[in-house]
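First comes the structure, then the notes that go with it.
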There are 2 protein chains.
Amino acid sequence: MEIGSSCEVSARPKVRVSGSRVLRFDGSFRWAGVEAAAYKEAGEHHRGVTRLQLAGGQGEGIAFHLRYFEIAPGGFSSLEKHEHEHVVTVLRGAGEVRLGDQVHPLGFGDTVYVAAGEVHQFRNPSEAEPFGFLCIVDAERDRPVVVAGQPGG
Amino acid sequence: MEIGSSCEVSARPKVRVSGSRVLRFDGSFRWAGVEAAAYKEAGEHHRGVTRLQLAGGQGEGIAFHLRYFEIAPGGFSSLEKHEHEHVVTVLRGAGEVRLGDQVHPLGFGDTVYVAAGEVHQFRNPSEAEPFGFLCIVDAERDRPVVVAGQPGG
(Lines give C-alpha, C1' and ligand atoms only; values in the text may rest on other atoms or scores of the structure.)
Protein backbone atom coordinates (compact mmCIF):
# COMPACT_ATOMS: atom_id res chain seq x y z
CA MET A 1 0.00 0.00 0.00
CA GLU A 2 2.03 2.93 -1.22
CA ILE A 3 1.54 6.24 -2.82
CA GLY A 4 2.02 6.67 -6.55
CA SER A 5 3.87 9.81 -7.47
CA SER A 6 1.10 10.99 -9.76
CA CYS A 7 -1.62 11.12 -7.11
CA GLU A 8 0.26 12.11 -4.00
CA VAL A 9 -0.05 15.84 -4.48
CA SER A 10 -3.68 15.87 -5.52
CA ALA A 11 -4.70 13.90 -2.44
CA ARG A 12 -3.46 16.58 -0.09
CA PRO A 13 -5.66 19.38 1.07
CA LYS A 14 -4.38 22.64 -0.33
CA VAL A 15 -4.00 24.41 3.00
CA ARG A 16 -1.17 23.65 5.34
CA VAL A 17 -1.96 22.81 8.93
CA SER A 18 -1.36 25.61 11.37
CA GLY A 19 -3.46 24.36 14.28
CA SER A 20 -5.74 21.61 15.46
CA ARG A 21 -8.56 20.44 13.23
CA VAL A 22 -11.50 18.07 13.19
CA LEU A 23 -12.16 16.17 9.95
CA ARG A 24 -15.87 15.37 9.84
CA PHE A 25 -16.86 11.89 8.79
CA ASP A 26 -19.80 12.16 6.40
CA GLY A 27 -21.45 8.80 7.13
CA SER A 28 -20.30 7.38 3.80
CA PHE A 29 -16.63 6.89 4.60
CA ARG A 30 -15.51 10.20 3.25
CA TRP A 31 -14.37 13.24 5.25
CA ALA A 32 -15.23 16.85 4.58
CA GLY A 33 -12.35 18.60 2.84
CA VAL A 34 -10.42 15.43 2.08
CA GLU A 35 -10.16 14.57 -1.57
CA ALA A 36 -10.35 10.96 -2.71
CA ALA A 37 -7.50 9.97 -4.99
CA ALA A 38 -6.66 7.00 -7.11
CA TYR A 39 -4.40 4.63 -5.24
CA LYS A 40 -1.62 4.74 -7.84
CA GLU A 41 -1.32 5.21 -11.52
CA ALA A 42 -3.52 2.78 -13.39
CA GLY A 43 -1.94 -0.62 -13.76
CA GLU A 44 -2.59 -4.28 -14.07
CA HIS A 45 -1.40 -5.18 -10.60
CA HIS A 46 -4.17 -3.51 -8.59
CA ARG A 47 -7.86 -2.74 -9.04
CA GLY A 48 -10.51 -0.54 -7.48
CA VAL A 49 -8.44 1.10 -4.73
CA THR A 50 -9.13 4.63 -3.46
CA ARG A 51 -6.91 6.53 -1.04
CA LEU A 52 -7.62 9.46 1.30
CA GLN A 53 -4.90 11.19 3.27
CA LEU A 54 -6.28 11.99 6.73
CA ALA A 55 -3.13 13.20 8.47
CA GLY A 56 0.51 13.76 7.62
CA GLY A 57 2.29 15.44 4.74
CA GLN A 58 0.34 18.64 5.28
CA GLY A 59 2.68 20.64 7.44
CA GLU A 60 2.32 18.65 10.63
CA GLY A 61 5.34 17.56 12.65
CA ILE A 62 4.23 13.95 13.01
CA ALA A 63 6.52 11.10 12.00
CA PHE A 64 3.65 9.13 10.42
CA HIS A 65 0.87 9.39 7.85
CA LEU A 66 -2.71 8.25 8.40
CA ARG A 67 -4.54 7.22 5.26
CA TYR A 68 -7.93 5.63 4.59
CA PHE A 69 -7.96 3.05 1.80
CA GLU A 70 -11.05 1.62 0.26
CA ILE A 71 -11.16 -1.36 -2.06
CA ALA A 72 -14.23 -1.81 -4.25
CA PRO A 73 -15.91 -5.22 -4.54
CA GLY A 74 -13.62 -7.49 -6.53
CA GLY A 75 -10.69 -5.14 -6.08
CA PHE A 76 -7.22 -5.65 -4.68
CA SER A 77 -4.07 -3.73 -3.87
CA SER A 78 -0.72 -4.57 -5.40
CA LEU A 79 1.02 -7.71 -4.23
CA GLU A 80 4.12 -6.01 -2.95
CA LYS A 81 6.82 -5.71 -0.34
CA HIS A 82 8.93 -2.93 1.17
CA GLU A 83 11.07 -2.24 4.19
CA HIS A 84 8.57 0.06 5.87
CA GLU A 85 5.88 -1.46 8.04
CA HIS A 86 2.10 -1.06 7.90
CA VAL A 87 -0.43 -0.87 10.68
CA VAL A 88 -4.00 -1.31 9.45
CA THR A 89 -7.36 -1.17 11.26
CA VAL A 90 -10.53 -2.13 9.39
CA LEU A 91 -13.37 0.41 9.43
CA ARG A 92 -15.74 -0.71 6.68
CA GLY A 93 -17.01 -4.01 5.34
CA ALA A 94 -14.85 -7.09 5.18
CA GLY A 95 -11.97 -8.37 3.12
CA GLU A 96 -8.75 -10.25 3.47
CA VAL A 97 -5.03 -9.75 3.66
CA ARG A 98 -2.33 -11.95 2.22
CA LEU A 99 0.75 -12.03 4.44
CA GLY A 100 3.49 -14.13 2.90
CA ASP A 101 1.77 -17.35 1.85
CA GLN A 102 -1.15 -17.03 4.25
CA VAL A 103 -4.51 -15.33 3.75
CA HIS A 104 -6.41 -13.93 6.73
CA PRO A 105 -10.05 -12.78 6.64
CA LEU A 106 -10.58 -9.30 8.06
CA GLY A 107 -13.58 -7.49 9.51
CA PHE A 108 -14.33 -4.38 11.53
CA GLY A 109 -11.67 -3.49 14.07
CA ASP A 110 -9.21 -6.19 13.08
CA THR A 111 -5.75 -4.69 13.25
CA VAL A 112 -2.88 -5.90 11.09
CA TYR A 113 0.82 -5.31 11.57
CA VAL A 114 2.70 -5.96 8.31
CA ALA A 115 6.36 -6.56 9.10
CA ALA A 116 9.28 -5.21 7.08
CA GLY A 117 9.85 -7.16 3.88
CA GLU A 118 6.61 -9.14 4.14
CA VAL A 119 4.92 -9.78 0.80
CA HIS A 120 1.35 -8.59 1.26
CA GLN A 121 -1.88 -7.72 -0.51
CA PHE A 122 -5.29 -6.48 0.60
CA ARG A 123 -8.33 -7.80 -1.28
CA ASN A 124 -12.08 -7.42 -1.34
CA PRO A 125 -13.67 -10.66 -2.53
CA SER A 126 -17.20 -9.48 -1.72
CA GLU A 127 -19.71 -8.63 -4.43
CA ALA A 128 -21.39 -5.64 -2.86
CA GLU A 129 -19.70 -3.88 0.04
CA PRO A 130 -16.56 -1.75 -0.12
CA PHE A 131 -13.71 -2.84 2.16
CA GLY A 132 -12.19 0.13 3.95
CA PHE A 133 -9.36 0.48 6.43
CA LEU A 134 -7.06 2.96 8.08
CA CYS A 135 -3.40 2.43 7.19
CA ILE A 136 -0.59 4.08 9.13
CA VAL A 137 2.98 4.28 7.86
CA ASP A 138 6.13 6.16 8.75
CA ALA A 139 6.34 9.52 7.02
CA GLU A 140 9.80 8.57 5.76
CA ARG A 141 9.63 5.28 3.94
CA ASP A 142 10.95 3.34 0.99
CA ARG A 143 9.07 2.68 -2.21
CA PRO A 144 7.19 -0.61 -2.64
CA VAL A 145 8.36 -3.33 -4.95
CA VAL A 146 5.60 -5.09 -6.85
CA VAL A 147 5.90 -8.86 -6.62
CA ALA A 148 5.12 -10.97 -9.68
CA GLY A 149 2.06 -13.12 -9.29
CA GLN A 150 -1.53 -13.59 -10.27
CA PRO A 151 -3.30 -10.25 -9.79
CA GLY A 152 -5.70 -10.60 -6.91
CA GLY A 153 -4.89 -14.30 -6.71
CA MET B 1 -3.51 11.39 26.26
CA GLU B 2 -0.25 9.99 27.47
CA ILE B 3 1.10 6.90 29.01
CA GLY B 4 1.62 6.73 32.73
CA SER B 5 4.86 5.11 33.70
CA SER B 6 3.13 2.65 35.97
CA CYS B 7 0.92 1.12 33.31
CA GLU B 8 3.06 1.24 30.22
CA VAL B 9 4.75 -2.08 30.70
CA SER B 10 1.65 -4.03 31.66
CA ALA B 11 -0.20 -2.87 28.56
CA ARG B 12 2.32 -4.49 26.25
CA PRO B 13 1.93 -8.03 25.06
CA LYS B 14 4.72 -10.14 26.49
CA VAL B 15 6.05 -11.42 23.19
CA ARG B 16 8.12 -9.23 20.93
CA VAL B 17 7.10 -8.88 17.33
CA SER B 18 9.17 -10.91 14.91
CA GLY B 19 6.78 -10.95 11.96
CA SER B 20 3.40 -9.80 10.75
CA ARG B 21 0.36 -10.34 12.93
CA VAL B 22 -3.40 -9.90 12.92
CA LEU B 23 -5.01 -8.67 16.13
CA ARG B 24 -8.57 -9.97 16.17
CA PHE B 25 -11.30 -7.56 17.19
CA ASP B 26 -13.69 -9.36 19.55
CA GLY B 27 -16.86 -7.40 18.79
CA SER B 28 -16.69 -5.60 22.14
CA PHE B 29 -13.83 -3.22 21.37
CA ARG B 30 -11.13 -5.42 22.74
CA TRP B 31 -8.52 -7.38 20.78
CA ALA B 32 -7.34 -10.92 21.46
CA GLY B 33 -3.99 -10.86 23.25
CA VAL B 34 -4.06 -7.14 24.03
CA GLU B 35 -4.37 -6.31 27.68
CA ALA B 36 -6.47 -3.33 28.79
CA ALA B 37 -4.61 -1.01 31.11
CA ALA B 38 -5.52 1.96 33.22
CA TYR B 39 -4.86 5.17 31.36
CA LYS B 40 -2.47 6.56 33.98
CA GLU B 41 -1.96 6.29 37.67
CA ALA B 42 -5.14 7.16 39.51
CA GLY B 43 -5.64 10.87 39.89
CA GLU B 44 -8.18 13.62 40.20
CA HIS B 45 -7.64 15.01 36.76
CA HIS B 46 -9.05 12.15 34.70
CA ARG B 47 -11.76 9.54 35.10
CA GLY B 48 -12.80 6.26 33.51
CA VAL B 49 -10.14 6.00 30.81
CA THR B 50 -8.83 2.65 29.54
CA ARG B 51 -5.89 2.23 27.16
CA LEU B 52 -4.90 -0.60 24.82
CA GLN B 53 -1.64 -0.62 22.90
CA LEU B 54 -2.34 -2.01 19.42
CA ALA B 55 1.01 -1.34 17.75
CA GLY B 56 4.37 0.13 18.65
CA GLY B 57 6.73 -0.34 21.56
CA GLN B 58 6.79 -4.10 21.01
CA GLY B 59 9.86 -4.55 18.89
CA GLU B 60 8.55 -3.02 15.68
CA GLY B 61 10.56 -0.49 13.72
CA ILE B 62 7.70 1.97 13.32
CA ALA B 63 8.09 5.61 14.35
CA PHE B 64 4.59 5.74 15.88
CA HIS B 65 2.35 4.03 18.40
CA LEU B 66 -1.28 3.07 17.79
CA ARG B 67 -3.43 2.96 20.90
CA TYR B 68 -7.16 2.49 21.52
CA PHE B 69 -8.59 4.63 24.29
CA GLU B 70 -12.00 4.18 25.78
CA ILE B 71 -13.71 6.64 28.07
CA ALA B 72 -16.57 5.37 30.23
CA PRO B 73 -19.83 7.35 30.47
CA GLY B 74 -19.14 10.49 32.50
CA GLY B 75 -15.40 10.06 32.10
CA PHE B 76 -12.72 12.36 30.73
CA SER B 77 -9.01 12.41 29.99
CA SER B 78 -6.65 14.92 31.56
CA LEU B 79 -6.85 18.50 30.41
CA GLU B 80 -3.28 18.73 29.18
CA LYS B 81 -0.81 19.92 26.60
CA HIS B 82 2.47 18.71 25.14
CA GLU B 83 4.70 19.28 22.16
CA HIS B 84 3.85 16.01 20.46
CA GLU B 85 0.78 15.86 18.25
CA HIS B 86 -2.20 13.51 18.33
CA VAL B 87 -4.19 12.00 15.52
CA VAL B 88 -7.47 10.47 16.68
CA THR B 89 -10.21 8.57 14.82
CA VAL B 90 -13.44 7.68 16.64
CA LEU B 91 -14.47 4.02 16.57
CA ARG B 92 -17.11 3.68 19.28
CA GLY B 93 -19.98 5.79 20.58
CA ALA B 94 -19.79 9.54 20.77
CA GLY B 95 -18.07 12.15 22.86
CA GLU B 96 -16.36 15.46 22.55
CA VAL B 97 -12.94 17.03 22.41
CA ARG B 98 -11.85 20.32 23.89
CA LEU B 99 -9.24 22.04 21.72
CA GLY B 100 -8.09 25.27 23.29
CA ASP B 101 -11.28 27.06 24.30
CA GLN B 102 -13.53 25.25 21.85
CA VAL B 103 -15.48 22.03 22.31
CA HIS B 104 -16.29 19.84 19.30
CA PRO B 105 -18.75 16.92 19.33
CA LEU B 106 -17.31 13.70 17.93
CA GLY B 107 -18.87 10.58 16.45
CA PHE B 108 -17.81 7.56 14.43
CA GLY B 109 -15.06 8.24 11.94
CA ASP B 110 -14.42 11.83 12.95
CA THR B 111 -10.69 12.41 12.84
CA VAL B 112 -8.95 14.95 15.04
CA TYR B 113 -5.49 16.43 14.63
CA VAL B 114 -4.30 17.97 17.90
CA ALA B 115 -1.52 20.43 17.17
CA ALA B 116 1.64 20.84 19.23
CA GLY B 117 1.03 22.78 22.44
CA GLU B 118 -2.76 22.72 22.11
CA VAL B 119 -4.59 22.35 25.44
CA HIS B 120 -6.96 19.43 24.91
CA GLN B 121 -9.25 16.97 26.64
CA PHE B 122 -11.45 14.10 25.49
CA ARG B 123 -14.76 13.59 27.32
CA ASN B 124 -17.73 11.26 27.32
CA PRO B 125 -20.81 13.16 28.47
CA SER B 126 -23.16 10.27 27.63
CA GLU B 127 -24.87 8.20 30.28
CA ALA B 128 -24.69 4.78 28.69
CA GLU B 129 -22.24 4.21 25.85
CA PRO B 130 -18.46 4.11 26.06
CA PHE B 131 -16.60 6.55 23.82
CA GLY B 132 -13.69 4.85 22.06
CA PHE B 133 -11.09 6.09 19.63
CA LEU B 134 -7.79 5.23 18.04
CA CYS B 135 -4.99 7.62 18.97
CA ILE B 136 -1.71 7.73 17.08
CA VAL B 137 1.40 9.46 18.40
CA ASP B 138 5.07 9.56 17.56
CA ALA B 139 7.03 6.83 19.33
CA GLU B 140 9.44 9.47 20.62
CA ARG B 141 7.51 12.16 22.42
CA ASP B 142 7.54 14.50 25.37
CA ARG B 143 5.56 14.02 28.55
CA PRO B 144 2.21 15.80 28.94
CA VAL B 145 1.71 18.72 31.27
CA VAL B 146 -1.61 18.72 33.11
CA VAL B 147 -3.37 22.07 32.87
CA ALA B 148 -5.17 23.43 35.90
CA GLY B 149 -8.92 23.62 35.46
CA GLN B 150 -12.22 22.10 36.38
CA PRO B 151 -11.91 18.32 35.90
CA GLY B 152 -14.08 17.36 32.95
CA GLY B 153 -15.38 20.90 32.76
Side-chain angles (χ1 to χ4, degrees), chain A residues 17-32 34 52 54-56 58-66 68 83-92 97 99-100 102 104-120 132 134 136-141, chain B residues 17-32 34 52 54-56 58-66 68 83-92 97 99-100 102 104-120 132 134 136-141:
Chain A
V17 171
S18 60
S20 300
R21 63 163 186 255
V22 177
L23 294 178
R24 289 279 163 215
F25 181 77
D26 73 355
S28 302
F29 292 87
R30 295 295 182 268
W31 287 260
V34 181
L52 289 84
L54 296 179
Q58 302 161 40
E60 308 97 325
I62 49 179
F64 58 88
H65 289 180
L66 173 65
Y68 172 73
E83 283 308 301
H84 67 270
E85 299 144 281
H86 286 305
V87 176
V88 162
T89 297
V90 176
L91 289 191
R92 182 179 198 180
V97 62
L99 296 170
Q102 296 197 312
H104 307 267
L106 296 177
F108 180 81
D110 286 339
T111 297
V112 183
Y113 166 74
V114 181
E118 185 85 278
V119 174
H120 61 280
L134 299 174
I136 315 159
V137 288
D138 285 357
E140 295 189 11
R141 58 189 185 274
Chain B
V17 171
S18 60
S20 300
R21 66 167 184 254
V22 177
L23 294 178
R24 288 279 162 214
F25 181 77
D26 74 354
S28 302
F29 291 87
R30 295 294 182 269
W31 286 259
V34 181
L52 289 84
L54 296 179
Q58 301 162 39
E60 308 96 328
I62 49 179
F64 59 89
H65 289 180
L66 173 66
Y68 173 73
E83 284 307 301
H84 67 270
E85 299 145 279
H86 285 306
V87 176
V88 163
T89 297
V90 176
L91 289 191
R92 182 180 199 180
V97 61
L99 297 170
Q102 295 197 311
H104 307 268
L106 296 176
F108 180 82
D110 286 338
T111 296
V112 184
Y113 166 74
V114 182
E118 185 85 275
V119 174
H120 61 280
L134 299 174
I136 315 158
V137 288
D138 284 356
E140 295 188 12
R141 59 189 184 273

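So you know, we letter chains A, B, ... as the sequences are listed, proteins then strands, and number each from 1.
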Worksheet item: Counting heavy-atom pairs under 4.5 Å to chain B, which of E83(A), Q102(A), R24(A) comes out on top?
Response: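 The candidate making the most pairs under 4.5 Å is R24(A).
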
Item to complete: Select, from V90(A), D138(A), L54(A), the one with the greatest count of heavy-atom pairs under 4.5 Å involving chain B.
Response: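 That would be D138(A).
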
Discussion item. Applying the side-chain contact (heavy atoms from CB on, under 4.5 Å) criterion to I62(A), which one of H86(B), E85(B), H84(B) satisfies it?
Written reply: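 Result: among H86(B), E85(B), H84(B), E85(B) is the only option passing the side-chain contact (heavy atoms from CB on, under 4.5 Å) with I62(A).
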
Measuring only between side-chain heavy atoms, which start at C-beta, is [X] closer than 4.5 Å to [Y]?
{"X": "L91(A)", "Y": "L91(B)", "answer": "yes"}
{"X": "T89(A)", "Y": "Y68(B)", "answer": "no"}
{"X": "V22(B)", "Y": "L106(A)", "answer": "yes"}

Practice prompt. Kindly say whether G19(B) contributes a backbone atom to a donor-acceptor pair with the side chain of E118(A) at under 3.5 angstrom?
Written response: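 Checking the backbone N and O of G19(B) against the side chain of E118(A), no donor-acceptor pair under 3.5 Å is found.
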
Practice prompt. Look only at the side chain of D110(A) and the backbone of F25(B), and say whether a donor-acceptor pair between them is shorter than 3.5 Å.
Written response: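 Such a contact is found between D110(A) side chain and F25(B) backbone.
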
Item to complete: Kindly assign one of parallel, tilted or perpendicular to the pair F108(B) and F29(A), based on the angle between their ring planes and the thresholds 30° and 60°.
Response: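 Perpendicular.
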
Item to complete: Provide the closest heavy-atom pair for A63(A) versus A63(B) in the form atom of the first, atom of the second, distance.
Response: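 The answer is CB-CB, 4.0 Å.
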
Worksheet item: What distance do L134(B) atom CG and T111(A) atom OG1 have between them, rounded to the nearest 0.5 Å?
Response: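 Reported value, rounded in 0.5 Å steps: 7.0 Å.
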
Discussion item. Between A55(B), G61(B), A32(B), who has the most heavy-atom pairs with chain A when the cutoff is under 4.5 Å?
Written reply: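 Ranked by heavy-atom pairs under 4.5 Å with chain A, first place is G61(B).
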
Worksheet entry | Contact class of L66(A) relative to chain B, heavy atoms under 4.5 angstrom |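 Answer is side chain: those atoms of L66(A) sit under 4.5 Å from chain B.
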
